[in-house]
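Indexing begins at 1, ligand by ligand and atom by atom, following the structure's order.
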Amino acid sequence: MSTLASVAGVSIVYASHIPKGYELLGFQDPDPFELFDLDSSMVVLNNRPYSIEAQAYLLDDKVTPNSKMFIRNNGLIPKEINADQWVLTIDGESVAGIKSYSLADLKSKFKSYTYQVTLECGGNGRSEFDPPAKGNQWTIGAVHCAKWTGLRLKDLLNDVGIKDDAVYIGYHATDVHLSGDPNKEPISRGVPMHKALQDETLIAYLMNDEPIPLAHGYPLRLIAGGWPASVSGKWINRISVRNKEHDGSKMQGTAYRVPVYPVSPGQKVPEEDMKIIESMPVKSLITYPKSGAVLNKSRELDIRGHTWAGELEVAKMEYSIDFGVTWHLCDLDKPMNRLAWQHFNAKIKFPQTGYYEVWAKATDQDGKAQPMLVPGWNPKGYLNNACHRIAVKVV
Ligand SMILES: Nc1nc2c(c(=O)[nH]1)N[C@H]1C(S)=C(S)[C@@H](COP(=O)(O)O)O[C@H]1N2
Ligand SMILES: [Mo]
């Protein structure tokens with residue numbers, strides 16, 4: 001039996017004859033640009049499930065607007081969300097007792113906080129690894145820094161009551177597994193207690209001062225910035241407080257894990273030698289001008305962009321126009337708050353006409369800098385934080 005009973009409002013007469021997995025010619029996916037209100041220059045990598053990324057110059061805003069935010073879904077977006085009836089349940093081995101909250105409870109019983117938070121997919125930059133790693137071939141656009149408003153997870157857990165043996169929290173959400181099997185979760189990840197209890201870890205109900213857009217987790221989302229964005233669960237209806245590392249979907253095997261030692265490209269790594277990614281590495285993007293800019297020799301070039309370093313702050317931002325022989329400091333702002341990206345800018349004078357590349361390099365507060373080339377190959381293609389560069393022609 002097919003689950004599709006109609007196409008574009010017209011019923012399919014022989015629907016029961018359709019083999020499983022057969023794609024009807026008349027079936028058209030909705031246009032993601034319309035569906036998600038996307039900027040026309042966003043790039044759709046996949047539509048089932050949706051993976052859509054930005055380009056560097058699209059991320060020029062200090063606070064990323066919805067239309068320029070990458071979208072990464074592991075399953076299908078939940079249908080028919082009724083926010084008035086939405087319930088968030090807190091359960092697990094390490095709660096004093098199970099408790100449930102309506103959206104109205106969460107908004108009225110707890111103080112609200114707003115933070116600007118950088119969320120980057122663990123696989124951002126994967127397309128540059130060689131040999132290639134399976135998964136979405138993100139270039140550089142799977143990062144955003146929006147403003148999120150909600151209650152602190154720690155205030156909620158305090159209200160529930162947590163036992164001393166709590167070590168991890170795991171989220172559960174209402175998106176649907178690609179197989180359609182209601183007993184399978186597309187993704188159910190989490191963070192250790194120390195991350196769960198940070199001030200900036202939120203149960204958010206607003207994004208950029210509006211209800212969270214559907215693609216980004218309406219009506220409720222966990223926000224745990226600076227870690228792979230996969231820990232920031234969308235459409236959440238349950239948080240489990242665990243007495244062991246959370247073992248939900250995409251927590252085990254090689255998912256969101258990297259080798260504990262350096263490996264050579266293509267090397268097989270035993271699963272027990274892989275560890276869960278926590279804080280993301282230092283990185284930056286030149287968001288203005290767009291690569292390929294043409295500049296008159298009499299003018300100076302104003303460049304600008306953003307830089308971030310997971311849990312850490314970025315301490316230094318530099319640029320080079322001579323393929324890394326000399327480096328010059330950029331002006332670097334403080335973050336709006338912890339876990340928000342920082343803005344940089346510089347004025348560049350070019351010595352003569354011709355072709356240049358502008359490279360940007362960030363260094364975090366621990367002295368770790370971005371590598372010029374693609375860093376440590378790993379089986380799943382995570383954590384590529386190589387320097388960003390743009391081409392400039394001076395005429
Ligand atoms: N419920 C749920 N939460 C999820 C996902 C998902 O598929 N389902 N994808 C995760 C991954 S892998 C990423 S990178 C981010 C993407 O967030 P965005 O789509 O708001 O940019 O959401 C995370 N949270
Ligand atoms: Mo991701």
If you look at each N/O of ligand 1, which protein N/O atoms lie under 3.5 Å away, and at what distance?
unit_1, atom_1, unit_2, atom_2, d
ligand 1, 1 (N), Asp175, OD1, 3.2
ligand 1, 1 (N), Asp175, OD2, 3.3
ligand 1, 1 (N), Lys234, O, 2.9
ligand 1, 3 (N), Lys234, N, 2.9
ligand 1, 7 (O), Asn74, N, 2.7
ligand 1, 7 (O), Asn74, ND2, 2.9
ligand 1, 8 (N), Asp175, OD2, 2.6
ligand 1, 9 (N), Arg72, O, 3.3
ligand 1, 9 (N), Asn74, ND2, 3.1
ligand 1, 17 (O), Arg221, NH2, 3.0
ligand 1, 19 (O), Arg72, N, 3.0
ligand 1, 19 (O), Lys234, NZ, 2.6
ligand 1, 20 (O), His216, ND1, 2.6
ligand 1, 20 (O), Arg221, NH1, 2.7
ligand 1, 21 (O), Phe70, O, 2.6
ligand 1, 21 (O), His144, NE2, 2.7
ligand 1, 22 (O), Arg221, NH2, 3.3
ligand 1, 24 (N), Ser232, O, 3.1

Step through it carefully: locate the ring centre of Phe344, locate the ring centre of His306, and say whether they are under 6.0 Å apart. no

Classify the side-chain pair Trp308/Gln342 by whether it contains a donor and acceptor separated by less than 3.5 Å. no

Is it true that Ser188 and His246 share a donor-acceptor pair across their side chains at a distance under 3.5 Å? yes

Determine, for Trp327 and Lys361, whether the Lys NZ or Arg CZ falls below 6.0 Å from the six-membered ring centre while staying within 45 degrees of the axis. yes

Just grab all the side-chain hydrogen bond (donor to acceptor under 3.5 Å, both in side chains) pairs involving residues 218-233, residues at least two apart or on different chains. Arg189-Ser230, Trp227-Glu311

Would Arg304 and Tyr288 count as a cation-pi pair here, with the cationic atom under 6.0 angstrom from the ring centre and within 45° of the axis? yes

